[in-house]
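Below is one structure, written out as C-alpha cells; the observations come after it.
The model shown is predicted, which means the values in this text are computed figures rather than measured ones. Reminder, nothing fancy here: chain letters follow the sequence lines and each chain counts from 1. Only heavy atoms go into these numbers, but all of them, side chains included; no hydrogens, no water, no symmetry mates.
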Amino acid sequence: MSGTVTITVDGREIETREGRTILQACDEAGVWIPRLCAHPELSVYGSCRVCTCLVDGRAAAACVQPVRHGMVVESDSERVNELRRTIVELLFVEGNHFCMVCEKSGDCELQALAYRLGITHPRFAYMFPERPVDAGHPDLMLDHDRCVMCGRCVRAAAELDGKPELGFLGRGIHRRVGADGGAGLAGTALRGDDRVATICPTGALLRKRVGYRTPYGRRRFDHAPIGSAAAAGDGEER
Amino acid sequence: MPGNDRSVDTVVREVCAACGRDPTRMLDIVRGVQRRLGWVPEEAVDRIAAETGAPRAEVAGVVSFYAFFADRPQGRIVIRLCEDVIDKLHGAERVAEALVEELGVGFDETTPDGLFTLAWTPCIGMSDQAPAALVDDVVITRLSRDRARQMVRELRGHGDPHRLVRTWGDGNNAHPLVRAMVENNIRHAGPVVLDGFERGRALEHALRMSPIEVIREIKIARLRGRGGAGFPTGMKWEFTRAAPGERKVVICNADEGEPGTFKDRVILTERADLMLEGLTVAAYAIGADEGIVYLRGEYAYLLALLEDAIERRRRDGLLGRRILGRDGFDFDIRVQLGAGAYMCGEETGLIASCEGRRGDAKNRPPFPAQQGYLGRPTSVNNVETLCCAARIVERGAGWFAGFGTKDSTGTKLFSVSGDCRRPGVYELPFGTTLGELLERAGADDIGAVQVGGPSGRMVGRDALERRLSFEDLPTGGSVMVFDTSRDPLWIVDEFMRFFVEESCGFCTPCRVGNVVMHDAVRKVRAGQASAADVERLRALAGTVRTASRCGLGQTSPNPVLSSLDAFPERWRRELRPARRDDLLPTFDPRAALRAAELLAGRSSTVFPPGEEDAR
Ligand SMILES: Cc1cc2nc3c(=O)[nH]c(=O)nc-3n(C[C@H](O)[C@H](O)[C@H](O)COP(=O)(O)O)c2cc1C
Ligand code: SF4
Ligand code: SF4
Ligand code: FES
Ligand code: FES
C-alpha cells in the first residue's frame, strides 16, 4: 500500500501514496477541500457530501474516494462550489440555526462554510422542525436543532472514547442522534472530558459552561475563512 | 398473536437463544420479540442488547429504522393498506375511508380496545390486484369499501387474519404452505424464466464445467442484472471470485421494493427452485459457501414455501456438504426476512440488513464484490437474474443470446399495472416495444407510462415505439399505465412522497433534498409557483442526482426530471406569471396583510383593500 501515485487537483499535480483518500492527499499537500463529516481522527463516513468533487468528470466524495494514479479532480470550480452551496443550504433549512444566539457562532464549521461559499440566505424554505433539547447530562448538552447528522459524535464516542453509546434513530428526514438508545445523554457513560465532547462541527453537541470562554470576535473563523490555515500550509485546521 | 402473559425478560431470553444470541440475526430477534410482545418496548431493547452484546444504541437504531418494527404499543392486528399510486387509482382512498369509519381511528392510530392499528405502507407487490393490504402477514387483494368493512367485522369476531382468506389463488398460491388469495396473473410465459424446470438439471450441467467455464458461459450469454442497474452478471461473479477472502457469499435480492414491480413475487411462487438453482450455480462459479435469500417482509407469506424448497434441496443433495457428490462443493442457503424498507433493496443496504443492522447504504469502495456481507466478498443478484443464469448453464449461452437485442440478451419479465384490462406478468424478449407490451395488456387509453417504477422514467404516448431494453428504455420490470384522465403532476407528487419516506437519511442531498423537492411539487400543484420555482427545482433535482451517496438519491429526482421532459405543458399550465411589481409571483400581499389588518383594526395604506394587487 505504499506505491506513489500522482493525481491532478484543479490543475495542480499532487504526489501521494496509494490507499489515501482524495481528501487526505489534498490535506497533506495543503490543498483545502470543504468538508463537514470527515475528521482526521475518525473513520471514513461520507454523509454530508460537502466534499463532493468531480473525479474524471464524475461526482465523488473526496473523503471516501481513494486516489488512483492519473486521476483528475475538479474541486474549486464554480459548478462544484454551486453543488456544495446547495448542500450547505439544505443543511441550514433542515434544522433550526439561529447563529446570533448560538454559543458556537464563530467556531462553527457549518456557519464558516456558509461564509466561505458566499451563502447569505438559503434559497429553500426553512422547515422549522420541532426537536427537543437534551440537557439532562451534567456536563454535556445535545441541541438537535443544530445537528447536521454528520455522525462525528457517534464515531468519536465509539472509536476514540470506547463508548459506543450514541447512534442514529429513525430514517429519512426523521433521522436523529440517539443517546443511550434514545433515553438521553444522562444515561450514557460519556463525560465532559471525553473526546466526543468537542468533536461536533456545529453547536449541536456542546460542553456545558465553556461556551463563552473564548469571546465572540476571537474565535477560529472570526478572522480568516475556514480552510485558510490548511491552504497556507499551516497543517491541519481544527 | 402477541400475548403479554410472559415477562419481557423471559421472551427476550428465549428469542435470543433461538437465534444463537447472534447480533447479526438482529432482524430475526426483533421480529421474534415483537411477535411475542406485540411491540418492542425499551426494556426489551435493553435486554436484547445485554443478550447479544450489541450496543443499546444499535439495537434501538434497528428498531427505529424498519417500518414493520414498532417502538410504541400497537394493536394486536396491524392493517397496512398499500398507498401506491396504482392502488389509489383503483380506489385505495375509498377503502381507507371505509376502514377509518369502521375502526373509528385514523391512520397511524390504534383502536381504544387495542385490537387494531391502521397504517399506510408503500407498494406491497400486488399492483396487479389492487387495492391490496397486509393484515399482519396475510395479503388481502382487490379490496373494496364493503370488503374492507366486512374484513374488520370478521376480525373483531375471530381475530385471525388467516381466516379472511377463503379462496386461494392459482398455482402455488394454493399450496398448503402458502394458502394465499394472491393470483399469479401470468399473462405470457416466455421460454427462459417461466418455462418448465426440472430440479438439478442446471447444476448437473454446471458441474460438468469448471467454475471459470461457468463464468465464461454467463459472459458469452451477455447476461445483465435484472434488478435495475443492468451490470454484467459474469463480470460481477468474476470480481467476487477473484477478490481475496477465505469465505465468499452469494445473495439473492428478493426485496422487490420498486413500486409497480411484482414479477419476483411470481417467480418465487412458481419457480423458486430455478432461482435457488441459479444461486447454487453462482456459488459454484464464485467459490461461495454461504447463500442468503433476502425476502422482503411484505412477502412473508412465501417464507414457508421457500424454506421448504431449500429443505428439499438439502435432502436431494443439491445443498449442503458435497453437493451432487462433488468434493469441496459445500454450500447452504438461509432466508433473511426484511421488515419494510425500500432502501434494503439497494445492495449495500441489503447487506447491512443481512448483518442485522440498519439498512443505511454503505460507502463504495469497497464494493460488495471486494468486501460485502461481514467483510466477505459478496455477489448480490436479482431473483430473475439468477433464474436466467441457471437457464444459460442448462441450455447454453447461444440459445439464451438468441432472444433479445445485442446489448440486452434474453427475455424480461414485465409487471404491468394501472389503467389496463390485463395487468400481470409478461415474459417477452428484450427489445419488445412499449406499445406492443401495452397492447397485450389491453391499455387502450394511454396518457402516461411510468417505466421502471418511481426511480425510472415517466414517458408519454410518443414513447410507444421505444424498445424495452438497457440501450433504449430500461426497466427492472415495473410498467405502470395511466390513462388520459390521470394527472402526471399528481403522480410525481405521490412518487416524491415515496422517496421522502424511504430515504435512509444518511446523506444530505437525499435526506433533505427529497423533502424540498416534494414541497416544491406540491407548491406547483397548489398553483403557487412560478417559472423561477420550477427552475430552482430542476437545479436542485440535478444536485440530488449528482451528489447523493447511493442509488436511491441518485434516482429519486427522476419523477420530476422525466415529467418535465415528457409533459412540459402540464407543468407550465400550473405556473403563475411573473409580477410586474417585482414581488415574488407567489407572494400575495393582501393575504399576508390580513391578520395584521384585523389586529390593527384598519387597512393597509400601501395595498388598500379592493385594489387588485398589481401582478
Ligand atoms: C433504492 C434501491 C432499491 C433497489 N431495490 C432492488 C430490489 O428490490 N431488487 C433488486 O433486485 N434490486 C434492487 N436494487 C438494485 C440493487 O442495488 C442491485 O443492483 C441488484 O440487486 C443487483 O442484482 P442484478 O445485477 O442481478 O440486477 C435497488 C437499488 C436501489 C438503489
Ligand atoms: S450551529 Fe453553527 S450554523 Fe447552526 S446556529 Fe450555531 S453557529 Fe449557526
Ligand atoms: S450532534 Fe454534532 S457531531 Fe453529532 S451528528 Fe449532530 S452535528 Fe454531527
Ligand atoms: S466530508 Fe466527505 S461526505 Fe462529508
Ligand atoms: S440517503 Fe441514500 S442516497 Fe442519500
Side-chain angles (χ1 to χ4, degrees), chain A residues 36-37 44-50 52 54 58-61 63-66 79-80 82-95 122-125 127 148-151 154 157-158 163-183 187-188, chain B residues 42 45-46 48-49 54-67 71 341 343 358-366 499-520 523 532 536-537 539-540 542-549 552-554:
Chain A
L36 212 43
C37 67
V44 166
Y45 200 60
S47 75
C48 73
R49 314 314 278 180
V50 170
T52 300
L54 290 176
R58 295 191 52 175
C63 70
V64 174
Q65 193 66 41
R79 58 178 175 173
V80 173
E82 175 55 23
L83 211 74
R84 294 173 180 155
R85 227 172 264 137
T86 302
I87 292 168
V88 171
E89 285 174 37
L90 289 173
L91 288 171
F92 270 97
V93 303
E94 177 192 27
R123 287 161 289 183
F124 315 114
M127 296 180 188
V148 293
M149 318 291 159
C150 70
V154 175
K163 301 173 183 172
E165 297 186 63
L166 301 179
F168 281 102
L169 298 175
R171 74 180 185 208
I173 197 70
H174 304 296
R175 193 183 186 88
R176 63 202 179 278
V177 172
D180 186 30
T188 66
Chain B
E42 265 193 38
V45 171
D46 273 338
I48 293 172
R56 196 181 184 286
E58 226 172 276
V59 181
V62 167
V63 175
S64 67
F65 185 87
Y66 296 93
D71 52 13
M343 188 57 219
R358 296 165 55 86
D360 293 342
K362 300 186 186 189
N363 283 315
R364 263 166 300 216
F499 287 122
V500 167
E501 275 161 25
E502 295 301 324
S503 162
C504 72
F506 188 93
C507 77
T508 314
C510 175
R511 181 182 69 244
V512 194
N514 279 314
V515 177
V516 175
M517 283 191 285
H518 184 216
D519 286 347
K523 190 172 166 187
R536 208 174 301 130
L537 170 60
L540 175 61
T543 300
V544 173
R545 169 145 89 178
T546 308
S548 285
R549 179 167 177 261
L552 194 154
Q554 287 159 9

| task | Kindly determine whether A:Leu90 and B:Leu540 satisfy side chain to side chain contact (heavy atoms under 4.5 Å, CB included), including the steps that lead there. | result | CA-CA 10 Å; A:Leu90 289 173; B:Leu540 175 61; 4.1 Å; yes
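- Contact annotation: the side chain of B:Glu501 never approaches that of A:Arg171 to less than 4.5 Å [non-hydrogen atoms, C-beta and beyond].
- Taking 4.5 Å as the limit, some side-chain heavy atom of A:Leu91 sits within range of a side-chain heavy atom of B:Arg511.
- Side chain of B:Asn363 to backbone of A:Tyr45: a donor-acceptor contact under 3.5 angstrom is found.
- Atom SG of residue B:Cys504 and atom CZ of residue A:Phe168 lie 11.0 Å apart, to the nearest 0.5 angstrom.
- Chain A forms the most heavy-atom pairs under 4.5 Å with one residue out of B:Glu42, B:Arg358, B:Glu58, and that residue is B:Arg358.
- For chain A, the nearby part of B:Arg364 is the backbone; its heavy atoms alone come within less than 4.5 Å.
- Separating the CZ atom in B:Arg56 from the CG atom in A:Leu166 is a distance of 12.5 Å, to the nearest 0.5 Å.
- The part of B:Asp360 that comes within reach of chain A is its side chain, from C-beta onward, which places non-hydrogen atoms under 4.5 angstrom from that chain.
- At distances below 3.5 Å, at least one donor-acceptor pair connects side-chain atoms of B:Ser64 with backbone N or O atoms of A:Gly170.
- Each of A:Met149, A:Glu89, A:His174 has some count of heavy-atom pairs under 4.5 Å with chain B, and the biggest count is that of A:Met149.
- Between B:Arg549 and A:Arg49, the closest side-chain pair of non-hydrogen atoms falls below 4.5 Å.
- With a 4.5 Å cut-off on non-hydrogen atoms, B:Phe499 does not touch chain A at all.
- From B:Thr546, atom OG1 reaches atom CD1 of A:Ile87 across 9.0 Å, with rounding to the nearest 0.5 Å.
- More than 12 heavy atoms of other residues, nucleotides or ligands sit less than 6.0 Å from atom CZ of A:Arg85.
- Residue contact with chain A, scored on non-hydrogen atoms closer than 4.5 Å, is absent for B:Ala539.
- To the nearest 0.5 Å, atom CZ of residue A:Arg84 and atom OG1 of residue B:Thr508 are 13.5 Å apart.
- Ranking A:Ala158, A:Ala60, A:Ala61, A:Pro164 against chain B, the residue ahead of the rest is A:Pro164, based on heavy-atom pairs under 4.5 Å.
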| query | How far apart are the C-alpha atoms of A:Met127 and B:Val516, what are their side-chain angles, what is the distance that settles it, and do they pass the side chain to side chain contact (heavy atoms under 4.5 Å, CB included) test? | reply | CA-CA 9 Å; A:Met127 296 180 188; B:Val516 175; 3.6 Å; yes
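- Using a 4.5 Å heavy-atom threshold, the side chains of B:Pro365 and A:Pro66 count as touching.
- The line from OG1 of A:Thr86 to CZ of B:Arg536 is 11.0 Å long, rounded to the nearest 0.5 Å.
- In terms of heavy-atom pairs under 4.5 Å with chain A, the best-connected choice from B:Ala49, B:Ala520, B:Gly61 is B:Gly61.
- Heavy atoms of B:Ala341 lying under 4.5 Å from chain A belong to its backbone as well as its side chain.
- A heavy-atom distance below 4.5 Å is found between the side chains of B:Phe506 and A:Arg175.
- In this structure, the portion of A:Val148 lying under 4.5 Å from any heavy atom of chain B is its backbone and not its side chain.
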